[in-house]
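Working notes, beginning with the structure itself.
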Amino acid sequence: MRKKALPALLFILSCSGSVFAQQNTGATDPIAQKVEALMAKMTLEEKIGQLNQYTSDRLATGPLTPNSSKYQEIKDGKVGSMLNVKGAKETRMIQEMAMQSRLKIPLLFGLDVIHGYRVTFPIPLAEAASWDLNAIELSARVAGKESAAAGVHWTFAPMVDIARDPRWGRVMEGAGEDTYLGSLIAKARVRGFQGKGLGNLDAIMACAKHFAAYGAAIAGRDYNTVDMSDRQLWETYLPPFKAAVDAGAATFMNSFNDLNGIPATGNAYLQRDILKDKWNYQGFVVSDWGSISEMVAHGFAKDNKDAARLAILAGSDMDMEGHAYLPNLVQLVQEKKIDVALINDAVRRILRKKFELGLFDDPYRFSNESREKKVLNAAENRKAAREVAEKSIVLLKNDNQLLPLSKSTKKIAVIGPLGKSSADMKGFWSVTWDNDHLVSLYEGLQNKLGKQTELLYSEGCGIKDTSRQHFAEAVATAKQADVVIMAVGEAFDMSGEAKSRSNIHLPGVQEELIKAVQATGKPVVVLVMAGRPLIFNWTADNANAILYTWWLGSEAGNAMADVLFGDYNPAGKLPMSFPRAEGQIPVFYASKSTGRPALDEKNTNYRSAYLDLPNSPRYAFGYGLSYSNFDFSDLKLNKSKLSQNETLQVSFTLKNTGKYAGEEVAQLYLQDVAASVTRPVKELKDFQKVFLKPGESKTISFTIDKEKLSFYDQKMTWGAEAGEFKLMIGNSSDHILLQDKFELVD
Ligand code: NOJ
C-alpha cells in the first residue's frame, strides 16, 4: 500500500531520510565516489549553480526573462545546464565557457527533441497511431543519434501525459488517451533516446514529463488547474510515468499545473513520496520553464524566494528559467529555512548524470563537427522517417475501395491549403529550424508518379480563411481530374504548447471547400493533416475516402503517396477518440457504465445520454481500416476459471481475407463485471500487430495474468478480485468481434 501525503514535518524527516540513504551508497559505487569527491571541493554557491538552468539567446520556448550576465555566470560556475543550445559548434563554444569556471564542471545541454532532430518524424500522437513499438523506438533512436551528434545531451521527451481532451493543444505531443498503450510507448521512447545507455556517443538522456497530470487541465486550456481523484491519478495518469522509471528514464520534468490545490512543482507528494521514495527514482527532476517562480502567480508562494523554498522542499532539483534557485537558495540555507542536505541531494543527482554521460572525461565529446556532418540527415534516418510516417497514417473511410489509387490515373487534382505545404508537415515541436527538407504532399506525388499522370493543383482557400473566393477555381480544377485528393487540416502552430482551441472543427471554410468539390461528383479522397483529433462530420458522412495523416515530418509527402497508391497498406489505429462535437469532450472508450447506461441510442429517456447526440465518438479509440479485410474467428480459452497465481491462455485465428498483404492490430479488452469499485466497461490489456499475406491466417495468443486483472480497491490496494471477467477481442474498441467470459477464483 502506498503512502498517503505526509504532513510537512514528517515529510521533511522522510525526505532527509532518503537523502541520507543516498549518501551511504557512495562507498561502493564508483560514480558516487567521484561525485562525493567533487562535492567536497564545492562551495554552497557552486552547488546551487548546478541546479540552475538557463535558455540560450537563440531560441525561447517560454516567456523570456532578460539576463545579460548568463554567459559570465557560466564562467563563474553558477550554471549547471543550458537549454535550447544545439549544434556541435555552438555547444562546444558554450562548454568552453564552463571550462573557465573554478571547478570546470561541464554543462548539460537540453533541448526539446520531441519528434526528431534534423530529420523530423511524425508528431508523437501520430506515431502512437502506429501501435508499433519498434517503429516508435526507432524514431526516438534516430532522434537520439542525431541530437547526440549535434552536442545535445538531453531531450525533454517523452511527454507521457495521458490526454482525453482534444481541445488541449498538447495532445499532439503524447500517446493519446490510453494508459496501457501510453505506458508501452513511454518505455519504447525512453529506450530509443537512451539507446545502449548513457555514456555511449549516440545516447541522450530522456525526460519523462510532465509530472504529473498535466494532460487533465480543466476545459483543455493549457496550464490550467487539475482536480482529480487519487484513484484516477494512480490508475490512469501515473502508470506511464512508472513505466518510464522502469525503462530507466534519466530525468523527469514536473509540470505547470496545480494538482488538487498544490502546484506540481511544489508538490512533495508527487516528487518525493511517489517518485523518489516509493519508486526509488535516482534520476533528477527539472522544473518546467519558469514553473518554480510561477508558484507565485498560482497563489501558492509569497514571492520568488518562497517559491524556491517550496520547490526544493518538494523535490524539484533543477530550476529551468525560473530564476528562483540561484538568487535565493544560499540565503534560505543560511536562514535555516532549508536543510543543505536537500541541495546536496539535488546536486548529487545532477552530477551523477554528468559523470554517466562521460562529460568529466571529455566535456566536448558530443560536440564533434565531423561526426555531426555524417550523422545528420543521413539517408538511413530519412528512410526510417518515411517508414514511421507510413505506419502513422490512419485510414478512416474507403467507400467502394476507392483507395489505393492506380498509378496510371491520367489526371489527379490536388486541392486544399495543405496540398503544397511543406512547413506544416514539420509539426509543432520541430527543432529543424535550419536545413531540413520537408516533402509536401504535392512533391510526394510528383516523386511517386510518372509522366503518364498529370497533376493539377488549386489551393481553394487558406487554412483559416473565411472567404470562398477561390472555390470556383478549385471546383474547375476538380472537374478536369479523374480523382481529387484534398489536403485539409491545421497549420503546424495550431496544436502544441499554448495552442488550446475551443472549436476543433476543421478550421475556416475548409469543410465548405470539400462540399463544393464533392458536388462535382468526382471521387474525392480527403487527407486530414492535424495535430489533434478534429471534427468533420459532413466529410465523414460524404467523402469517399479519408486518411488521417496528422503531421508526418520530413518524409510526409512520400509516405502519403506510398499509402495513396498502395505501396504501403495503411494499418494505423486511432490512439484517441474523435468526438462528434466539442460538447462530448472528454469522450474516451474506457468509461464507466453508470447506473443508467444508454444501451439504446434512440431511447435516452432517464438514461445517461444526450438529447442531441449519441454518446459514442465519431471515431473510436483503436479504429482504423486497411485496404485488406481481416477475419477474427475460433476464440479459445484454455480454462474458464483461473486462480490468482495461474495464467489464462487465449487464442484465436486471424485471417487476411482481402487482396492486399497488410497488418491488423488485434486488440484485447477486459471488463471486471462486478467489483468493489466500479470498473470501466472495457480496458485495453494487450494487442498484437500482425502482418498477413492475402489468404494467410495465423493463430494469435494472449496470456492473461493477475496483473491484467488488478486495480486499486476501496483502500487503494492494488490487486485482483475474484469474480467474472468479460473478454473482448476486436479491431477497434467499438468493434468487438470475439467475446467470452472467465472467472477468477480465490
Ligand atoms: C515548456 C514545456 O511545457 C516543456 O514541455 C518544454 O520541455 C519546456 N517548455 C522547454 O522548452
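For reference, positions follow the sequence shown, starting with 1. Atoms within a ligand are numbered from 1 in the order they appear, just like the ligands themselves. The structure displayed is predicted, hence computed values, not measured ones.
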Exercise for the section: Please say whether the positively charged group of K276, taken as NZ for Lys or CZ for Arg, lies over the ring of Y281, i.e. under 6.0 angstrom from the six-membered ring centre and within 45 degrees of the axis. Expected result: no

Handout entry: Among K209, M320, R170, M253, closest by any non-hydrogen atom to atom 3 (O) of ligand 1
Key = R170

Problem - Check: H210 N/O within less than 3.5 Å of ligand 1 N/O - result: yes

Problem - Donor-acceptor pair, side chain of Q232 and main chain of Y237, under 3.5 angstrom - result: no

Handout entry: Part of N84 with heavy atoms under 4.0 Å of ligand 1, whether side chain, backbone, both or neither
Key = neither

Problem - With V85, the side chain to side chain contact (heavy atoms under 4.5 Å, CB included) member among T91, L59, L107 - result: T91

Exercise for the section: Tell me, yes or no, whether the heavy-atom count around K78 atom NZ, taken from other residues, nucleotides or ligands under 6.0 Å, exceeds 12. Expected result: no

Practice task
Compute the ring centroids of W154 and F284, then answer whether they are less than 6.0 Å apart.
Solution key: yes

Completion exercise
Atoms of ligand 1 under 4.0 Å from any heavy atom of F156, numbered from 1 in the order shown, are 7 (O)

Practice task
Just let me know how T61 lines up against ligand 1, side chain, backbone, both or neither, with a heavy-atom cut-off below 4.0 Å.
Solution key: both

Problem - Numbering as shown, the atoms of ligand 1 that approach D288 to under 4.0 Å (heavy-atom distance) - result: 1 (C), 2 (C), 3 (O), 4 (C), 6 (C), 8 (C), 9 (N)

Handout entry: D112 neighbourhood, listing ligand 1 atoms whose heavy-atom distance to it stays under 4.0 Å
Key = 6 (C), 7 (O), 10 (C), 11 (O)

Handout entry: Verdict with reasoning, R191 to E137, per salt bridge (charged side-chain N to carboxylate O under 4.0 Å, His left out)
Key = CA-CA 7 Å; R191 282 198 304 268; E137 182 172 337; 2.8 Å; yes

